[in-house]
Chemist: 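Encoded as structure tokens, here's the structure I'll be asking about.
Throughout, a chain's letter reflects where its sequence line sits, starting with A, and its residues are numbered from 1. All heavy atoms count here, side chains included; hydrogens, waters and symmetry mates do not.
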Amino acid sequence: MTIIKLGYVAMSMELKNASPSKTMTFRQFSQIPDREAAIRKLERIAVSNLHNCLRLLRHNKANGIEFFRLSSKLIPLANHDELSDWDYMAPLRESLQEIKSFLKESQMRVDFHPDHFVLLNAAKTDILQVSVKTLALHRRLLAGMGIDTTHRCVLHVGGAYENKEKALEQFIENWGRIPLAIQKMMMLENDDKSFTMNDTLYLCEKLGIPHVFDYHHHLANPGEEDWKEHWQRTIATWEQSPLPVKMHISSPRCTDNYRAHADYIDPAMFMEFLHGIKGSLPEVHCMIEAKQKDLALFKLAEDLSTETGMERLGPATFRIGR
DNA sequence: GCCAGTCAAGTCCCG
DNA sequence: CGGGACTTGACTGGC
């Protein structure tokens, strides 16, 4: 028997005017003559983003969704070189406290997926340094929300740099240089171009990092492997985690553009995955990555209950097997 | 209101 | 070696 919980990414297509990712570019920032006023504006945007983040969490709770990826764009320009004197956390305490109070009362699993500029396997030390700085920002936000930071940030392995083996070894070398608090926060995902499930598992096993299996990425970049032969390895990387196994599910936009995300999830593709893992673990959390965000989650949940006859335990919770 | 072009960051790919 | 594509939501400016 496996419990399946569905989650979605960062923003809602249903809840209006609730973007948690409003921004200001550096160019806009520079064009405001009064620097202090410009910083106050950044702060107002960040507070608004956190406020909308809380609205989204409430929306999730109201709809029985207990798994959610937070936007990584909550604080515009937080890590920009020209703003190193800005204490971006100070004006956010109250907003973070509100989220903390909400999360304390709910079952919600939340995490982050920092964007593709965060590269832990970069050979260039300045890129590694900025990456660690960005992860430290994520850590501060999680801590501010009262979340145990263990296994709350998923990343890709990074660049292939024309030599995948070397790039994997560079990851291991860099890993030893990053703070333990950051290490503990990480999860690693197989990607759709360079690092396959097997490549990613090599690092996960060696360094004790949970593997987030992305089924769509695997189909786009399978390597030599049948994923089912490695699935037990993925599960094993979660043995020391306080959290259930997490995976990503999305569907290709079309055959010409296989790697891009479709609006919705193909339930047949999802069922293929579920049949592959049947009975292998008690609970799995599936992050829906689709352009229609929460609407795609609602639609998949409907499709699963009408077309597959899977037992529905809640709006976004199912059970397979007995 | 709508459309096209732009935006902090890196890597990849093509000419 | 250099410049554009990639991918993305948000925003600006022009109509």
Side-chain angles (χ1 to χ4, degrees), chain A residues 8-32 35 38-39 41-42 44-53 56 69-86 88 112-138 153 155-164 166-168 170-171 174 189 191-195 199 214 216-217 220-221 248 250-254 256-263 287-296:
Chain A
Y8 72 101
V9 176
M11 61 182 281
S12 169
M13 300 304 279
E14 189 172 87
L15 198 64
K16 298 300 170 196
N17 301 312
S19 169
S21 311
K22 280 193 219 130
T23 193
M24 172 155 57
T25 65
F26 184 66
R27 178 192 279 263
Q28 290 164 256
F29 176 85
S30 325
Q31 280 166 357
I32 299 171
R35 191 169 184 276
I39 289 178
K41 190 167 176 190
L42 283 176
R44 282 198 303 275
I45 293 171
V47 167
S48 156
N49 285 342
L50 286 176
H51 173 72
N52 283 337
C53 183
L56 287 160
R69 178 187 301 166
L70 302 169
S71 165
S72 277
K73 297 186 170 74
L74 291 169
I75 312 176
L77 304 179
N79 273 345
H80 196 279
D81 270 353
E82 300 288 317
L83 280 149
S84 53
D85 59 321
W86 174 35
Y88 55 80
F112 280 116
H113 194 336
D115 67 32
H116 62 287
F117 301 112
V118 175
L119 293 156
L120 288 184
N121 78 332
K124 293 181 186 167
T125 52
D126 53 336
I127 293 174
L128 178 62
Q129 202 184 337
V130 172
S131 299
V132 170
K133 196 176 157 193
T134 304
L135 292 173
L137 155 69
H138 285 81
C153 274
L155 282 183
H156 297 267
V157 174
Y161 306 110
E162 297 177 321
N163 183 341
K164 248 174 37 168
K166 204 174 145 202
L168 287 168
Q170 186 71 55
F171 190 104
N174 289 0
E189 170 190 2
D191 71 70
D192 54 1
K193 277 182 104 155
S194 306
F195 298 99
D199 294 332
D214 189 310
H216 179 196
H217 288 172
N221 179 32
H248 292 168
S250 49
S251 292
R253 183 137 200 87
C254 51
D256 297 352
N257 194 3
Y258 191 84
R259 286 165 44 229
H261 288 167
D263 287 350
M287 183 59 72
I288 304 298
E289 295 179 329
K291 288 200 174 284
Q292 290 299 318
K293 310 290 178 187
D294 51 343
L295 298 185

Chemist: Is the shortest heavy-atom distance from the side chain of A:Asn79 to the side chain of A:Phe117 under 4.5 Å?
Modeler: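 A:Asn79 does not reach A:Phe117 side chain to side chain.
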Chemist: Considering every strand shown, what is the Watson-Crick or G-U wobble mate of C:dT8 when both distances are under 3.5 Å?
Modeler: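 Check on C:dT8: unpaired, no WC or wobble geometry under 3.5 Å.
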Chemist: Side-chain contact test, heavy atoms from C-beta onward, threshold under 4.5 Å: evaluate it for A:Asp199 versus A:Phe171 and give yes or no.
Modeler: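 Not in contact.
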Chemist: Would you compute the distance between atom CG of A:Leu15 and atom NZ of A:Lys293 and round it to the nearest 0.5 angstrom?
Modeler: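 Atom-to-atom, A:Leu15:CG and A:Lys293:NZ are 14.5 Å apart.
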Chemist: By the 4.0 Å heavy-atom rule, please label A:Thr134 as base, sugar-phosphate, or nothing.
Modeler: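 No contact.
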Chemist: Contact class for A:Leu77 (heavy atom, under 4.0 Å): base, sugar-phosphate, or nothing?
Modeler: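 The residue A:Leu77 makes base contact.
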Chemist: Which nucleotide sits closest to the side chain of A:Phe26: B:dG10, B:dA8, C:dA10?
Modeler: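 When the side chain of A:Phe26 is considered, B:dA8 is the closest of B:dG10, B:dA8, C:dA10.
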Chemist: Between B:dC13, C:dT8, B:dA8, which one does the side chain of A:Asn79 approach most closely?
Modeler: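 Closest nucleotide to the A:Asn79 side chain: B:dA8.
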Chemist: Would you say the side chain of A:Asp192 lies within less than 4.5 Å of the side chain of A:Tyr258, judging by non-hydrogen atoms?
Modeler: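 Side-chain contact under 4.5 Å: no.
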Chemist: From the options B:dG10, C:dA10, B:dA8, select the nucleotide whose nearest atom is closest to the side chain of A:His80.
Modeler: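 Closest nucleotide to the A:His80 side chain: B:dA8.
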Chemist: Please state the P separation for the pair C:dT7 and B:dC14 - nearest whole angstrom.
Modeler: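 Taking atom P in both C:dT7 and B:dC14, they lie 13 Å apart.
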Chemist: Which nucleotide in the set B:dG10, C:dA10, C:dC11 lies at the smallest distance from any side-chain heavy atom of A:Gln28?
Modeler: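 Selected nucleotide: C:dC11.
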Chemist: Suppose we define a pair by two distances each less than 3.5 Å, Watson-Crick or G-U wobble; what does B:dA9 pair with here?
Modeler: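 Its partner is none (no Watson-Crick or G-U wobble pair with both distances under 3.5 Å).
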Chemist: Looking at B:dT11, C:dA10, B:dC12, which one has an atom nearest to any side-chain atom of A:Tyr161?
Modeler: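 Ranking B:dT11, C:dA10, B:dC12 by closest atom to the A:Tyr161 side chain puts B:dT11 first.
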Chemist: Suppose you measure atom P in C:dG2 against the same atom in B:dA8; what distance do you get, rounded to whole Å?
Modeler: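 23 Å, rounded to whole Å.
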Chemist: By nearest atom, which of the nucleotides C:dT8, B:dC13, C:dC11 is closest to the A:His261 side chain?
Modeler: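 Closest nucleotide to the A:His261 side chain: C:dT8.
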Chemist: Rounding to the closest angstrom, what is the interatomic distance between C:dT8 and B:dG1 at atom C1'?
Modeler: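 It comes out at 22 Å once rounded to the nearest Å.
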